[in-house]
Amino acid sequence: MTFKKHQRQETYLYLALWGMLFISPVLSLAVRIASGDGSQTFDWSEILMVWRKFAVFLLVFLIHNHLLAPLLVYKRRRWLYGTCVAVITALFIVYQCSDRPKMHGFHGPRPPQVEMSKQSPLHVPQKGDDTSLPHKRHLPPVIFGEHDFVAVIVMLLMLGMNLGVKWYFKTRNDSRQLQELERQNLEQQLEYLKYQINPHFFMNTLNNIHALVDIDPEKAKDTILELSKMMRFVLYEGNKHDVPLMREFQFIRNYITLMSLRYTDKVDIQLELPEPPEAVIPPLMLITFIENAFKHGVSYQQQSFIHIQVDIEGSKLRFRCTNSKSAEPKKKEEQKTETGGVGLANVKKRLNLLYGKNFTLNIQEETNIYDVELIIPLEVK
């Protein structure tokens, strides 16, 4: 479809250029008549003579555009193209040299004449001598004149212009096809990352519920209800390209509520979310950082904290998550999960795919504190 569209555009361009070229002698004659003294009349024979010259160039153009130029532009057959252009140029030169009025058996303009006065000054004209003209001979005719050279140059420039236009439309079409392939590849990569993030998130959440069942079964029941709300968001919103910022904030609140049921007062959990504007955000973009904070920043033996703050600064969202680092040794199962984890790595890939260089991610890790700051642009809808 795109290829046919660019072919139509190229054809329209050629029609416009040749239309202006063929209409130019008509306009030129009309201007001369309008600016003259009124004695000159509209002479179609003059226009037809010019059109006859243009028709030869048009024929060469059509042959080059439909037969020769594709050999170089689309098939890259340089030697065949060069040979064909050389042949068509030679034929054009032959036509130019033959398309002249014939005089004295020669083609081309009347050659200069040189007087031959080898006769004696005392020569008496005899009967049958031509006394009206002195004795003269013809020089060889001009085979390839200045006008022929200009015509060949114009023809070659026309072929070069044709190649340039074809290369332009081909390059533009290739660029659009490449962009479409990159867009499809981007969507496939994003879908792949989503399918990884969703199971990863539920795996960690179910692990938390499993731990809560042993501590407080009643809280575990409430946790399952919160999880059902979150599952509804992931199932119906997680596969979309973007979701309203309000829905993403609500999902974060549900997750914080779910996780808060598990911990005691020794864990200081703070969440600051502003009034969301009418904007959208890729789903599950922030939750991985929060999930990581709960997974690695909470200790049951000492005071721990998780502080989450979101600010809207103009057209950008600033997310910051600071948490304490647990000094407890991790179990082998958790170490394996970390080694093969996909959470943070996938979020970084998503950020690069979605925003390119138009985002800021700063991760500061100290002895007892882990701090994440993310700034992304907001799309208003």
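All figures in this text were calculated on a predicted structure; none of them were measured in a lab.
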> When the ring planes of Phe294 and Tyr255 are compared, do they come out parallel, tilted or perpendicular, using 30° and 60° as the limits?
Replying inline: perpendicular
Any donor-acceptor pair under 3.5 Å linking the side chain of [X] with the backbone of [Y]?
X: Trp167; Y: Val73; value: no
X: Asn352; Y: Lys348; value: yes
X: Ser28; Y: Ser24; value: no
X: Thr83; Y: Trp79; value: yes

With a 4.5 Å limit on heavy-atom distance, are the side chains of [X] and [Y] in contact?
X: Met285; Y: Leu354; value: yes
X: Ile256; Y: Ile308; value: yes
X: Leu361; Y: Val347; value: no
X: Leu58; Y: Phe22; value: yes
X: Asp268; Y: Ser304; value: no
X: Val85; Y: Leu159; value: yes
X: Phe319; Y: Ile290; value: yes
X: Asp242; Y: Ile281; value: no

In this structure, would [X] and [Y] fall into the same cluster of hydrophobic residues linked by side-chain contacts under 4.5 Å?
X: Met158; Y: Met20; answer: yes
X: Tyr14; Y: Tyr12; answer: no
X: Leu62; Y: Leu91; answer: no
X: Leu15; Y: Leu17; answer: no
X: Leu225; Y: Phe251; answer: no

> With Cys84, which of Leu80, Ile88, Val87 fulfils side chain to side chain contact (heavy atoms under 4.5 Å, CB included)?
Replying inline: Leu80
> Has Tyr168 got more than 12 heavy atoms of other residues, nucleotides or ligands less than 6.0 Å from its OH?
Replying inline: no
> Does a sphere of radius 6.0 Å around CE in Met246 hold more than 12 heavy atoms from other residues, nucleotides or ligands, not counting ones at 6.0 Å or beyond?
Replying inline: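 No, because the 6.0 Å sphere around CE of Met246 holds 12 heavy atoms or fewer from other groups.
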>> We want to know whether Gln364 and Asn362 form a side-chain donor-acceptor pair, criterion being a heavy-atom distance below 3.5 angstrom.
In response: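 There is no such pair (donor and acceptor under 3.5 Å, judged by atom type) between the side chains of Gln364 and Asn362.
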> Would Arg318 and Arg320 satisfy side chain to side chain contact (heavy atoms under 4.5 Å, CB included), going step by step from the backbone distance to the final call?
Replying inline: CA-CA 7 Å; Arg318 181 178 177 271; Arg320 186 169 186 179; 3.8 Å; yes
About how many Å separate [atom2] of [Y] and [atom1] of [X], when rounded to the nearest 0.5 Å?
X: Leu374; Y: Leu317; atom1: CG; atom2: CG; answer: 7.5 Å
X: Phe305; Y: Asn368; atom1: CZ; atom2: CG; answer: 8.5 Å
X: Thr322; Y: Tyr370; atom1: OG1; atom2: OH; answer: 11.0 Å
X: Leu378; Y: Glu313; atom1: CG; atom2: CD; answer: 10.5 Å
X: Asn162; Y: Asn65; atom1: CG; atom2: CG; answer: 4.5 Å
X: Ile369; Y: His307; atom1: CD1; atom2: NE2; answer: 10.0 Å

>> Counting the benzene-type ring for Trp, do His64 and Tyr81 have ring centres under 6.0 Å apart?
In response: yes
> Could you go step by step and tell me if Phe57 and Phe92 meet the ring pair (Phe, Tyr, Trp, His ring centres under 6.0 Å) rule?
Replying inline: CA-CA 9 Å; Phe57 285 93; Phe92 182 82; 5.4 Å; yes
>> Suppose the criterion is salt bridge (charged side-chain N to carboxylate O under 4.0 Å, His left out): which pairs have a residue in residues 74-89, not counting sequence neighbours?
In response: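 Passing the test, one end in residues 74-89: no pairs.
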>> Quick one, Ile376 with Lys316, criterion side chain to side chain contact (heavy atoms under 4.5 Å, CB included). Give me CA distance, side-chain angles, the key distance, then yes/no.
In response: CA-CA 6 Å; Ile376 57 175; Lys316 294 185 177 182; over 6 Å; no
> Closest heavy-atom contact between Tyr355 and Pro282?
Replying inline: OH-CD, 3.2 Å
> Below 4.0 angstrom, N of the basic side chain to O of the carboxylate: do Glu248 and Arg253 qualify?
Replying inline: no
> Using 4.0 Å as the upper bound for N to carboxylate O, is an ion pair formed by Lys325 and Glu365?
Replying inline: yes
> So Trp18 and Phe61, ring pair (Phe, Tyr, Trp, His ring centres under 6.0 Å) or not? Walk me through it.
Replying inline: CA-CA 10 Å; Trp18 282 104; Phe61 171 81; 5.4 Å; yes
> Would Val60 and Met155 count as a side chain to side chain contact (heavy atoms under 4.5 Å, CB included) if you check the C-alpha gap in whole Å, the side-chain angles of each, and the deciding distance to 0.1 Å?
Replying inline: CA-CA 8 Å; Val60 174; Met155 185 209 61; 3.9 Å; yes
>> Set out, in order, the CA-CA distance, both residues' side-chain angles and the distance that settles side chain to side chain contact (heavy atoms under 4.5 Å, CB included) for Arg8 and Thr11, then state yes or no.
In response: CA-CA 5 Å; Arg8 287 198 302 269; Thr11 301; 5.6 Å; no
